[in-house]
Number of protein chains: 2
Amino acid sequence: MTLLENTSTPPDPVTEDRSMAIRETLRNAIIDRRLAPGTKLSEAEVGALFDVSRTVARAALQMLTFEGLVKTERNRGAFVSHPTPEEARQIFASRRLIEPGIVAAASERITPDDIARFREQLIEEERHINERGPAARRAEIKASGDFHLMLASVAGNAILQRFMDELVARSSLVIALYGRSGVSSCGHSEHFAILDLIERGDAKRAADLMLHHIDHIEADLDLQPKQGVALKDVLATG
Amino acid sequence: MTLLENTSTPPDPVTEDRSMAIRETLRNAIIDRRLAPGTKLSEAEVGALFDVSRTVARAALQMLTFEGLVKTERNRGAFVSHPTPEEARQIFASRRLIEPGIVAAASERITPDDIARFREQLIEEERHINERGPAARRAEIKASGDFHLMLASVAGNAILQRFMDELVARSSLVIALYGRSGVSSCGHSEHFAILDLIERGDAKRAADLMLHHIDHIEADLDLQPKQGVALKDVLATG
DNA sequence: GACTTTCAGATTGCATACAATTTGGACAGC
DNA sequence: GCTGTCCAAATTGTATGCAATCTGAAAGTC
């Protein structure tokens, strides 16, 4: 299992914070489903994988816990989060509140340069959609989320950006668990349409479309509260 | 300095997570200004105060860092956050996005029982306003924030509730740093008005008033970007 | 045979020891 | 007297060791 992606920079930046780097790597692995919900992340294992002590691994896991990507149970350990349907609804409810505002802010601040980068990103996204295989699916999910994160970045509010980081990451988990069609490909065309409206300066319509877009993503989910006595949830995924 | 408030429960609940308890205590101390922005929180000192090792103290500080209440600089330590005017604006911009939605959600879910608890809380708030002294001021700020947090709690979205926890806490810091009149007492009457509108089922008006309320709080701040070459910011507070 | 009990292995919680880094001041040089 | 260098105290970063807790299975009992 190649969890460690190209660490790329072992020499220069002196690894300015190892637990942060581990967090990022694990985060990406969770977001694009290389680590399935429910997977146990033991401190020793993580430490061994990244060649650090349990102390550092533990710090990384604690950060992920705060982001809601990992759930730790006292004296039992850390596991990749397995959001319930209710949590899923709350995640999307939160996004419905925040993202229209982000679109509005982004509309006011976006530069032609930004727009060029967005178009590039969307073309990249399209490329993944047309490819086959699980790797392409992962890249597609990641790219789809990145569009929303780029908007948050342009909006220029660091706090909202962090909230969105968390919400988008957790949305990936939810889609992995409850998505019907993997990723609704209609989502991609909506990204294009939103960008167009923003470029045209029609912030109101762009925000409205974003709202619909989120609705569409959520509509693609199957959020039936698992019947039965909910015997540990995880049992279903094994 | 009595940082440690009545720890009340040393025997039974087996201190189900000490770093969490420390976080809560420090958090409260920061929120009601017993710990001023810029104050250094060394691991050893915190550990000694709570009679735990640096490991546990460090975990608590890391949590506070994630919440934005503490800022840690590598190899230098942790300090109570000292938000810039720009951060302050972002905090309130975020609240303007989220809180109207919370009011709307709370309007739909609030029970007569909740309303009774709100009234109690508002009366408590009023009591602090009419008292004199720094302790009363602290209690007033805390109570004022608690109103917003109670709304978030009633709204029934755990994620938004956590976001609000962070935003309200950081708002306290901002008000401590940039507030002109301490706490605008008009804010209190607005709390009453918001609750009335919610009780009457007028969610739209309640949300609008909440928006105004946030505007009023922010209007009471002096967010001039400190002139000069911003020589370390902190220098001003010494 | 099914159920309870006990215990060993494994894992986390926490404390401590050591290494790396920063900081403030003493001291030397100009 | 002022500036620059170097060093020691203090503080953080990390690794590791030990105690506490949980898990799963073997052994014992009904």
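Naming: A, B, ... by sequence-line order, numbering from 1 per chain. The model shown is predicted, which means the values in this text are computed figures rather than measured ones. Quick note: numbers below take in every heavy atom, side chains included, and nothing from hydrogens, waters or symmetry partners.
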In whole Å, I'd like the distance from the CG atom of B/Asp17 to the C1' atom of D/dT21.
14 Å
Per atom distances to the A/Arg18 side chain, the nearest of D/dT12, D/dA15, C/dA15 is D/dA15
Which of residues 60-68 of chain A have a heavy atom under 4.0 Å from DNA chain C?
none
Distance in angstrom units between A/Glu45 CD and C/dA10 P, rounded
14 Å
Check each of B/Arg95, B/Arg162, B/Glu67 against B/Leu167 using the side chain to side chain contact (heavy atoms under 4.5 Å, CB included) test, and report the only one that passes.
B/Arg95
Is the shortest side-chain N to carboxylate O distance from A/Glu131 to A/Arg137 below 4.0 Å?
no
Nearest whole Å is fine: how far is D/dT21 C1' from A/Asn75 CG?
5 Å
Does any N or O donor sit under 3.5 Å from an N or O acceptor when you compare the side chain of A/Thr55 with the base of D/dT16?
yes
Let's see if you can work this out: which of D/dG13, C/dA15, D/dA15 has an atom nearest to the side-chain heavy atoms of B/Arg58?
D/dG13
Within the modelled atom types, does a donor on one side and an acceptor on the other bring the side chain of B/Arg54 and the base of D/dG13 under 3.5 Å apart?
yes
Nearest of D/dG13, D/dA15, C/dT16 to any side-chain atom of A/Ser53?
D/dA15
With respect to the side chain of B/Arg76, which nucleotide from C/dT12, C/dT23, D/dT16 is positioned closest?
C/dT23
What is the distance, to the nearest angstrom, from the CZ atom on B/Phe50 to the C1' atom on C/dC14?
17 Å
Rounded to the nearest angstrom, tell me the gap between atom CZ in B/Arg74 and atom C1' in D/dT12.
9 Å
Taking every heavy atom of A/Ala176 against every heavy atom of A/Arg33, the minimum-distance pair comes out as CB-NE, 3.3 Å
Which of parallel (below 30°), tilted (30 to 60°) and perpendicular (above 60°) describes A/Phe118 and A/Phe147?
perpendicular
Among the candidates D/dT12, D/dG13, C/dT12, find the nucleotide nearest to the side-chain atoms of A/Lys40.
C/dT12
Roughly, in whole Å, what's the span from CD in B/Glu73 to C1' in D/dT12?
12 Å
Pair B/Glu120, B/Arg117 - check salt bridge (charged side-chain N to carboxylate O under 4.0 Å, His left out), show working.
CA-CA 5 Å; B/Glu120 231 173 275; B/Arg117 284 189 304 118; over 6 Å; no
Under 3.5 Å, is there a donor-acceptor pair linking the side chains of B/Ser144 and B/Asp146?
no
For the CD atom on B/Glu108, are there more than 12 heavy atoms of other groups (residues, nucleotides or ligands in this structure) within a distance under 6.0 Å?
no
